[in-house]
*Asks:* 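Okay, handing you the structure first.
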Amino acid sequence: MKTIPLPGKSCCSWFFLVLLSIIASLASAAENHYHEFVIQTTPVKRLCRTQNILTVNGQFPGPTVEARNGDSLAIKVTNGGPYNISIHWHGLRMLRNPWADGPSYVTQCPIQPGGVTHTALQSKTKRGHYGGMLTLAS
């Protein structure tokens with residue numbers, strides 16, 4: 001018995017295969033994220049006492065930064081507080097720029113009051129929660 005190929009079926013399957021590959025490539029495209037953090041002292045009242053604490057954009061804890069694997073992040077940090085500070089990124093591998101991570105006076109200079117620093121990161125780590133940590137430098 002002889003089978004006759006149907007010309008329309010292979011064309012439709014190729015169309016759907018191409019369509020699915022386009023959708024997959026658009027969904028996995030890396031994005032650029034830009035963030036601006038202003039470190040400032042903010043009065044906070046707890047247990048009937050008001051104290052000034054360091055906040056990021058007026059928030060404590062600071063804002064959430066979301067990125068997917070392969071995304072690029074450009075972060076501008078402005079120190080509006082009265083202390084020298086540094087910011088480093090827990091869990092993120094700082095390939096080719098280790099000077100942008102770690103404690104003050106060890107791997108990076110602190111951001112002085114009124115100072116600004118720019119950090120470029122690329123998210124190339126496994127899934128999970130990672131965080132930036134703000135530290136005071138004496």
Side-chain angles (χ1 to χ4, degrees):
M1 186 167 194
K2 195 173 183 184
T3 59
I4 302 171
L6 297 175
K9 278 201 163 211
S10 64
C11 180
C12 285
S13 62
W14 277 106
F15 173 74
F16 284 118
L17 181 64
V18 170
L19 183 64
L20 284 175
S21 65
I22 290 172
I23 290 171
S25 68
L26 289 176
S28 65
E31 295 180 10
N32 296 323
H33 301 273
Y34 302 97
H35 297 280
E36 186 169 345
F37 296 152
V38 178
I39 311 304
Q40 59 198 14
T41 55
T42 303
V44 175
K45 187 173 184 177
R46 297 283 186 259
L47 298 174
C48 301
R49 284 185 58 195
T50 301
Q51 290 185 324
N52 286 330
I53 64 169
L54 286 178
T55 59
V56 181
N57 296 345
Q59 300 176 14
F60 182 80
T64 301
V65 175
E66 294 184 12
R68 292 186 305 226
N69 194 12
D71 287 357
S72 296
L73 295 105
I75 299 169
K76 176 184 174 185
V77 179
T78 304
N79 183 2
Y83 312 106
N84 289 340
I85 60 162
S86 67
I87 187 164
H88 57 277
W89 309 95
H90 283 265
L92 294 180
R93 296 183 65 198
M94 303 298 284
L95 300 174
R96 288 184 230 111
N97 61 345
W99 54 86
D101 194 28
S104 297
Y105 303 112
V106 177
T107 56
Q108 64 179 322
C109 294
I111 309 165
Q112 296 179 350
V116 176
T117 188
H118 299 271
T119 304
L121 304 170
Q122 188 156 16
S123 175
K124 289 196 175 276
T125 57
K126 296 181 180 180
R127 292 181 182 172
H129 297 279
Y130 304 97
M133 181 174 184
L134 185 67
T135 57
L136 293 176
S138 48

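Keep in mind it's a predicted model, so treat the numbers as computed, not measured. Nothing fancy with the numbering, it's 1 onward along the sequence.
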*Asks:* Of all heavy-atom pairs between Ile111 and Asn79, which one has the smallest distance, and what is that distance?
*Replies:*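 Answer, listing the atom of Ile111 first, then Asn79: O-ND2, 2.8 Å.
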
*Asks:* Calculate, to the nearest 0.5 Å, the distance between atoms CD1 and OG1 belonging to Ile87 and Thr117 respectively.
*Replies:*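 It comes to 9.5 Å.
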
*Asks:* If you look at every heavy atom in Pro43 and Thr50, which pair is closest and at what distance?
*Replies:*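 Answer, listing the atom of Pro43 first, then Thr50: CB-CG2, 3.9 Å.
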
*Asks:* Any side-chain heavy atom of Ile53 within less than 4.5 Å of one from Phe60?
*Replies:*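 Answer yes - side chains close enough.
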
*Asks:* When rounded to the nearest 0.5 angstrom, what distance separates CD1 in Ile75 from OH in Tyr34?
*Replies:*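 One gets 12.0 Å once the value is rounded to the nearest 0.5 Å.
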
*Asks:* Please find the pair of heavy atoms, one from Asp71 and one from Glu31, that lie closest to each other, and give the distance.
*Replies:*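 So the minimum-distance heavy-atom pair works out to OD1-N, 2.9 Å.
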
*Asks:* What are the two closest heavy atoms between Gly81 and Pro113, and how far apart are they?
*Replies:*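 Result for this residue pair: O-CB, 3.3 Å.
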
*Asks:* On a heavy-atom basis, which atom in Gln112 and which in Asn84 lie closest, and how many Å separate them?
*Replies:*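 Heavy-atom minimum between the residues: CA-OD1, 3.4 Å.
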
*Asks:* Quick one: closest heavy-atom pair of Val56 and Gly62, and the distance?
*Replies:*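 Scanning both residues, the minimum pair turns out to be CB-CA, 4.0 Å.
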
*Asks:* Sequence neighbours left out, what passes side-chain hydrogen bond (donor to acceptor under 3.5 Å, both in side chains) with Gln51? Give chain and number order.
*Replies:*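 side-chain hydrogen bond (donor to acceptor under 3.5 Å, both in side chains) check on Gln51 returns nothing, list empty.
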
*Asks:* Not counting sequence neighbours, which residues clear side-chain hydrogen bond (donor to acceptor under 3.5 Å, both in side chains) with His35? List them please.
*Replies:*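 In terms of side-chain hydrogen bond (donor to acceptor under 3.5 Å, both in side chains), with neighbours along the sequence ignored, His35 is linked to no residue.
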
*Asks:* Hydrophobic cluster membership, with links at side-chain heavy-atom distances under 4.5 Å among I/L/V/M/F/W/Y: are Tyr83 and Ile39 in one?
*Replies:*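 Same cluster: Tyr83 reaches Ile39 through Ile, Leu, Val, Met, Phe, Trp or Tyr contacts under 4.5 Å.
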
*Asks:* Using side-chain hydrogen bond (donor to acceptor under 3.5 Å, both in side chains) as the criterion, list what pairs up with Thr78, not counting sequence neighbours.
*Replies:*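 Residues passing side-chain hydrogen bond (donor to acceptor under 3.5 Å, both in side chains) with Thr78: none at all.
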
